[in-house]
Amino acid sequence: NAGVTQTPKFRILKIGQSMTLQCTQDMNHNYMYWYRQDPGMGLKLIYYSVGAGITDKGEVPNGYNVSRSTTEDFPLRLELAAPSQTSVYFCASRPGLAGGSGELFFGEGSRLTVL
Amino acid sequence: TQLLEQSPQFLSIQEGENLTVYCNSSSVFSSLQWYRQEPGEGPVLLVTVVTGGEVKKLKRLTFQFGDARKDSSLHITAAQPGDTGLYLCAGARNTNAGKSTFGDGTTLTVKP
């Protein structure tokens, strides 16, 4: 099983450019999340979704947008990239509140540098 | 914001030594996960603890969930260089969209 797949793995952006980080999961999980991780730190929640058509802000949503048109896909859009958005981005999923133990399944991450 | 405080932030020890990492919060969690993350990869689950007072063992790793389900510890016996990595605790809830709160992690280096 592929699990959670993120693309691209690496990207360099210039200040003011826009891009989309792709995330897809093949586990039929309802809940999906985008986190960012700065060097040597834990994960901060950017946006999350509890199902297709439903998204909501996490701790650090400014400068980002998401959509959830299908159960499988949860892309993260960066508009007008800024150096503060240089980070590693992780997409994660879990089955839902009734299923599973709270475990998150993570993608391998997308390392973004904004110059 | 409900916080998880993890300590120590950095730990450098010699092979064969024992160590304990702590994860503390003022909030109650439905479950708590410990993840290990290697450079360039996503976090990988080590264990989930659910019941207050629960102790789980995974080879040389022992995980404990506090009686009140607000804190946890990870103890490694006879650490090996292969244990090197970033250890993250995360508190999960079965409410509020199942959002997990992560500690800032403990970077462990085990020297041969």
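The chains referred to below are lettered A, B, ... by the order of the sequence lines, with proteins before strands, and numbering in each begins at 1.
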If two hydrophobic side chains count as joined below 4.5 Å and joins carry through other members, does A/Val66 share a cluster with A/Tyr89?
yes

Are B/Leu32 and B/Leu61 connected in the hydrophobic side-chain network, where two residues link if heavy atoms are under 4.5 Å apart?
yes

Verify same cluster id: A/Met32, A/Leu45 (apolar side-chain graph, 4.5 Å):
no

Are B/Phe63 and B/Leu19 grouped together when hydrophobic residues (ILVMFWY) are joined by side-chain heavy atoms under 4.5 angstrom apart?
yes

Side chain, backbone, both or neither: which part of A/Gln37 has a heavy atom under 4.5 Å from chain B?
side chain

Please classify the contact of A/Leu104 with chain B as side chain, backbone, both or neither, using a heavy-atom distance under 4.5 Å.
both

Side chain, backbone, both or neither: which part of A/Phe105 has a non-hydrogen atom closer than 4.5 Å to chain B?
neither

From A/Tyr48 atom OH to B/Lys99 atom NZ, the distance as rounded to the nearest 0.5 Å
3.5 Å

More than 12 heavy atoms of other residues, nucleotides or ligands under 6.0 Å from CD of A/Glu72: yes or no?
yes

Max heavy-atom pair count under 4.5 Å with chain A, selected residue of B/Gly103, B/Ser100, B/Ala92
B/Ser100

Per-residue contacts, residues 33-55 of chain B versus chain A, heavy atoms under 4.5 Å
B/Gln33, B/Tyr35, B/Gln37, B/Gly40, B/Glu41, B/Gly42, B/Pro43, B/Leu45, B/Thr48

Do A/Val60 and A/Tyr35 belong together in a cluster built from hydrophobic side chains that touch within less than 4.5 Å?
no

Any chance you could measure A/Lys44, atom NZ, to B/Asp104, atom CG, to the nearest 0.5 Å?
5.0 Å

Residues 74-83 of chain B: residues contacting chain A (heavy atom under 4.5 Å, by number):
none

